[in-house]
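Nothing fancy with the numbering, it's 1 onward along the sequence.
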Amino acid sequence: MSNTITQPVPKDLRQQMIQRIQSAPETDVLLLHEIWLSAAKDRLWQEIQQDATVEQEAGKLDQVPDLVRRYRARHAAV
């Protein structure tokens, strides 16, 4: 007996999910929507972090502390 679990074929899985969503109660659809948004947010955050790391390693963010200090100095009286 094998412990291997086969992964669903994305095309088949998509169709199965669509069918399940169409027959699901609205509360389940709302929950699925929230989960999907959370996954999209996490994916986007990872992408932003990777881009920021690349920019930091390239030295593109070296001026940020000085720019923040100058901004604060100009707007301190406001």
Side-chain angles (χ1 to χ4, degrees):
M1 180 179 239
S2 174
N3 289 336
T4 305
I5 299 173
T6 59
Q7 294 295 318
V9 178
K11 182 180 178 183
D12 295 342
L13 181 59
R14 180 176 286 118
Q15 187 59 38
Q16 290 171 15
M17 289 177 66
I18 290 169
Q19 290 171 355
R20 292 179 83 178
I21 291 168
Q22 287 174 338
S23 63
E26 286 187 25
T27 54
D28 288 357
V29 175
L30 288 172
L31 178 60
L32 178 60
H33 178 68
E34 290 177 20
I35 292 168
W36 200 310
L37 287 177
S38 179
K41 177 195 63 136
D42 291 346
R43 196 170 39 254
L44 180 59
W45 184 241
Q46 288 175 348
E47 185 179 320
I48 290 169
Q49 287 177 322
Q50 289 171 353
D51 291 348
T53 299
V54 169
E55 289 185 1
Q56 185 175 18
E57 289 172 354
K60 293 182 179 181
L61 304 177
D62 292 347
Q63 297 179 33
V64 171
D66 186 48
L67 293 171
V68 169
R69 273 192 294 280
R70 285 192 271 161
Y71 176 86
R72 288 179 176 164
R74 280 195 318 259
H75 295 86
V78 175

Taking side-chain contact (heavy atoms from CB on, under 4.5 Å) as the test, write out the residues that go with Asp51, two or more places apart.
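Result, side-chain contact (heavy atoms from CB on, under 4.5 Å) vs Asp51: Glu47.
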ring-ring contact (aromatic ring centres under 6.0 Å, His included) partners of residues 41-71, not counting sequence neighbours, each pair once
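ring-ring contact (aromatic ring centres under 6.0 Å, His included) check on residues 41-71 returns Tyr71-His75.
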Under 4.5 Å side-chain heavy-atom separation, chaining through any Ile, Leu, Val, Met, Phe, Trp or Tyr, what else clusters with Leu61? Say none if it is isolated.
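Besides Leu61, the hydrophobic cluster comprises Val64, Val68, listed by chain and residue number.
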Please say whether more than 12 non-hydrogen atoms of neighbouring residues, nucleotides or ligands are located less than 6.0 Å from CD in Gln56.
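At most 12 heavy atoms, drawn from other residues, nucleotides or ligands, come within 6.0 Å of this atom.
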Non-hydrogen side-chain atoms of Asp12 and Gln15 separated by less than 4.5 Å
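No, every pair of side-chain atoms sits at 4.5 Å or beyond.
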List the residues meeting side-chain hydrogen bond (donor to acceptor under 3.5 Å, both in side chains) with Arg14, not counting sequence neighbours, and say none if there are none.
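If we apply the side-chain hydrogen bond (donor to acceptor under 3.5 Å, both in side chains) test to Arg14, skipping adjacent residues, there are no hits.
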Using the side-chain hydrogen bond (donor to acceptor under 3.5 Å, both in side chains) criterion, which residues pair with Asp42? Sequence neighbours excluded.
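By the side-chain hydrogen bond (donor to acceptor under 3.5 Å, both in side chains) rule, Asp42 matches no residue at all.
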Sequence neighbours excluded and cut-off under 3.5 Å, please list the side-chain donor-acceptor pairs for residues 19-40, or say none.
unit_1	atom_1	unit_2	atom_2	d
Ser23	OG	Gln19	O	3.3
Ser23	OG	Arg20	O	3.3

